[in-house]
Amino acid sequence: MENYLSVLNPEQRQAVLHWGKPLLILAGAGSGKTRVITTKIAYLVRERGVDPRSILAVTFTNKAAREMAERAQLIDSRAAEAMIRTFHSFGAWFLRRNGALIGLDSNFVIYDDDDTVTLLSSIMPNTTRAEAAKVAHHIARAKDYFLTPDDPELALIDHRPQFRNIYKLYEERLKAIGNVDFGDLIKKPVEILRAFPEVRQRFQDRFQVILVDEYQDSNVAQFELLKELYTSQTYLCVVGDDDQSIYRFRGAEVRNILEFPDRFSETDIIRLERNYRSTAPILAVAGAVVDNNQGRLGKTLQAERGNGKLPTLVFLPDQETEASFCAELIEKSLRSRGGTYSDWAILYRTNAQSLTFETELLRRHIPYKVVGSLKFYEREEIKDALALLSIMVNPRDEIAFKRVINKPARGLGQVTIDKIIEAASHAEPASRGNLLESCRNILPELSKKARNGLEGFLRILAQSRSMITTEGDVCKNSSVASDRLTAGDGLSALIVYILEASGIAEYHATEDEIAGTQRLSNLQELANAASLYPATEEGLAEFLEHIELDRSLESGEESNDSVTLITVHNTKGLEFRKVIITGLEQGIFPRDDKQDEDLEEERRLFYVGVTRAKDELYLTTCALRRMYGRASYNQPSLFLSEIPLDYIKILGQIPRGFKSGPKSASICDPSLHGAGQRDAEDGRLGPYARQLPRAPRTVSSDGLWRIGASLFHDDYGYGQVVRISEGPEGPLIEAQFETGKQVRFLSKYQSERFMRIERDGY
DNA sequence: CCCGTCGTTATTTTT
DNA sequence: TAACGACGGG
């Protein structure tokens, strides 16, 4: 392990060894960012004598947090004691310990977006769920931007005067219930740190080192959290890539990273620009497009892997042809050049686009998997099961209560349920809001049928409770007559019991029979997942928190070889040997309502997609697309026109009016581009202009080509070099093929695709 | 209680 | 277009 620093390149090593002033590491795609962070954690513990418990490393995904912890521990096992968590998991950890200061019980349950919408619906009677969802979205954004209901800036999120009141009401209800939403996991800790200096002091003393990964995705509230934890004694290091900030619509604030050097004085900046993932032509395309963004710190990726295949841009008539083109491309490639299905990923902007690909791949028996569409925890049966568990943890959870109190039907109508909730809200302070207690009190008033049903429900919950307050295996003695589900260890036995006894299992088993669904097996899967947790109060709370905060499903069936269908957003952090980015049309990607900052974000999204590719990149665009039952003729994506023509190989019919990017050598040479009308628009052409125009050459400056030289190309057949010019990217070769195709390519990007068949004398 | 039909409604989604 | 939820007839 003494050599763990020697595997780093100079910039990486500099980033690892850096200490003192705040540090911003601008880590380009594929530049070994994770290696740097993990090595840095280990280095701090090992060489700088930093107590691992004083290190706080925050990420955005559980996957990233896990990977970071694992890899740091591989270098130094003491790193296990560092606090490596997601922002939200850190917030939950903080609130369980300090929430009491603002009247939050430690047994809170974390509401997901769906629960939030349900709660809002109950606050806003006579509104549709869609409307409630919109308000919920706005409240979530407000929290992301650290705005309270009385903040004047709230109008920037939702200008309607009643929004403020609804938000306030929502906060009151959430507080009465004793639960929190995702936004609270960040916002409330900040409020506590601000209101209680002694708490702030404690945390500032504890965390001497703060590392933040994917900093470009942080929101305003998260920035505020960092500010509260930060002192001049703290070593703060953030890592990110402004070009990969793609979650603005969820409150991510790219300015956090852009303005980091302004917010923390004397910031050092280290750029990691060596890319170990993609070949040069792929990075050239990525760079050419993202360079059109104004709001960026700027960096240029260097391809450590060197040259490779030129990316291909394909013009297609419609989405069916697009799907069959992709399928054929994959099949042909596998046949002629080998490789596996899992080398391939088909990327699209919106989930709806996956359908055509699925149909086509299915038809051709090409194995595929759709990433991200599995919404396991949003399924009705799973939400039912979680609601039962939530009530056990927090008997004030009215959303969970309403969900399962009359499911399956126990003869409890809307009126009775409202009465129970109403009574609970007026109870003595000690049991205020406690719905189970309220149920007990109301029993005498009910009809026989309703009373029996409710008594049965309470008995089941009481029995479940007895299973977790006592030690260990008592659970297995309490099994129910039926055996739809199989109980495993620990908490799974409790879940199986409560699902069977409550009738939820039966309810969904019936549903399975009718609709041929897999609900029971989903419930079984949930129970299985719980077997890792002890059947104790803490185990149950931990299980629920884990589920709320980590919804990525690690399904065990990842081993089979298949093509990946995935939205561009979902590809972040992933890589594939061969990537096809589809639907590159104006209106789809980018959506045509996007302007300014939103357009720049779409461009970053395109950049993310392109930089996923290791070896081969294909871009497809359709003239006609049917969406939502409407056919529309779309222009090729703006981003395609930002790619210099000589950076790509083009297949299919180029629509008239399509122009390639302005910054390549080709566009700089007026003789190649008639009017060169873009030049005037683009001020950045200035520096290049001085190199132009240049006299036509007969021999390229690198000596590889001369006019008249013969060459061969896989797709275009035989041809001749007709023009040679020198651009800022080196010699630019223009060739005329027998098929009539005229192609321009940069000499330095010539691959095996442009084969010289007559050796020049140079 | 079950099934068919109509109407609605469609970005992206780490937590 | 197509998928899903709400509602009403049998």
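Quick caveat: nothing in here was measured; it's all calculated off a predicted structure. In what follows, chains are A, B, ... by sequence order, proteins preceding strands, each numbered from 1. Quick note: numbers below take in every heavy atom, side chains included, and nothing from hydrogens, waters or symmetry partners.
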Enquirer: May I have the distance from A/R141 (atom CZ) to B/dT15 (atom P), rounded to whole angstrom?
Expert: 15 Å
Enquirer: Which residues pass the ring-ring contact (aromatic ring centres under 6.0 Å, His included) test with A/Y507, sequence neighbours left out?
Expert: none
Enquirer: Using a 4.0 Å cut-off to any heavy atom of chain A, which nucleotides of DNA chain C are the first and last in contact, reading 5' to 3'?
Expert: C/dT1 to C/dA2
Enquirer: What is the separation between atom CG on A/D213 and atom P on B/dT15, rounded to the nearest whole Å?
Expert: 13 Å
Enquirer: Taking side-chain hydrogen bond (donor to acceptor under 3.5 Å, both in side chains) as the definition, give me every residue that meets it alongside A/E381, ordered by chain and number, with sequence neighbours left out.
Expert: A/N522
Enquirer: Could you list, one pair per line, each protein nitrogen or oxygen that sits under 3.5 Å from a nitrogen or oxygen of nucleotides 10-13 of chain B, together with the distance?
Expert:
residue : atom : partner : partner atom : Å
B/dT11  : OP1  : A/Y628  : OH           : 2.6
B/dT11  : O2   : A/R349  : NH1          : 3.4
B/dT11  : O2   : A/R349  : NH2          : 2.8
B/dT12  : OP1  : A/N351  : N            : 2.7
B/dT12  : OP1  : A/N351  : ND2          : 3.4
B/dT12  : O4'  : A/R349  : NH1          : 2.9
B/dT12  : O2   : A/R349  : NH1          : 3.4
B/dT12  : O2   : A/R349  : NH2          : 2.6
B/dT13  : OP1  : A/T567  : OG1          : 2.6
B/dT13  : OP1  : A/N570  : ND2          : 2.9
B/dT13  : OP2  : A/N351  : ND2          : 3.1
B/dT13  : O2   : A/R250  : NH1          : 3.1

Enquirer: Rounded to the Å, how far apart are A/W93 CH2 and B/dT15 P?
Expert: 20 Å
Enquirer: List for me each residue that meets side-chain hydrogen bond (donor to acceptor under 3.5 Å, both in side chains) alongside A/T148, sequence neighbours excluded, and say none if there are none.
Expert: A/D150
Enquirer: Rounding to an integer number of angstrom, what distance separates B/dT13 and C/dA2 when you compare their C1' atoms?
Expert: 22 Å
Enquirer: Using side-chain contact (heavy atoms from CB on, under 4.5 Å) as the criterion, list what pairs up with A/K63, not counting sequence neighbours.
Expert: A/T61, A/R66, A/L574
Enquirer: How does DNA chain B read in dot-bracket, base by base from 5' to 3', with Watson-Crick or G-U pairs under 3.5 Å and | used when the partner is on another strand?
Expert: ||||||||||.....
Enquirer: Residues two or more places apart in sequence or in another chain: which of them pass ring-ring contact (aromatic ring centres under 6.0 Å, His included) with A/Y633?
Expert: none
Enquirer: Hey, is A/E525 close enough to A/R379 for a salt bridge, meaning N to O under 4.0 Å?
Expert: no
Enquirer: Residues two or more places apart in sequence or in another chain: which of them pass side-chain contact (heavy atoms from CB on, under 4.5 Å) with A/N452?
Expert: A/K448, A/E455
Enquirer: In whole angstrom, what separates A/I547's CD1 from B/dT15's P?
Expert: 13 Å
Enquirer: With sequence neighbours left out, write down each residue that passes salt bridge (Lys or Arg N to Asp or Glu O under 4.0 Å) with A/R85, or none if nothing qualifies.
Expert: none
Enquirer: I need the OH-C1' distance between A/Y215 and B/dT14, as an integer number of Å.
Expert: 17 Å
Enquirer: Would you mind classifying the nucleic acid contact of A/D112 as base, sugar-phosphate or nothing, using non-hydrogen atoms under 4.0 angstrom?
Expert: nothing
Enquirer: Which residues pass the side-chain contact (heavy atoms from CB on, under 4.5 Å) test with A/D598, not counting sequence neighbours?
Expert: A/R248, A/K594
Enquirer: Got a salt bridge between A/K33 and A/E214, using NZ or NE/NH1/NH2 to carboxylate O under 4.0 Å?
Expert: yes
Enquirer: For A/R296, what residues pass the side-chain hydrogen bond (donor to acceptor under 3.5 Å, both in side chains) criterion, not counting sequence neighbours?
Expert: A/D243, A/D291
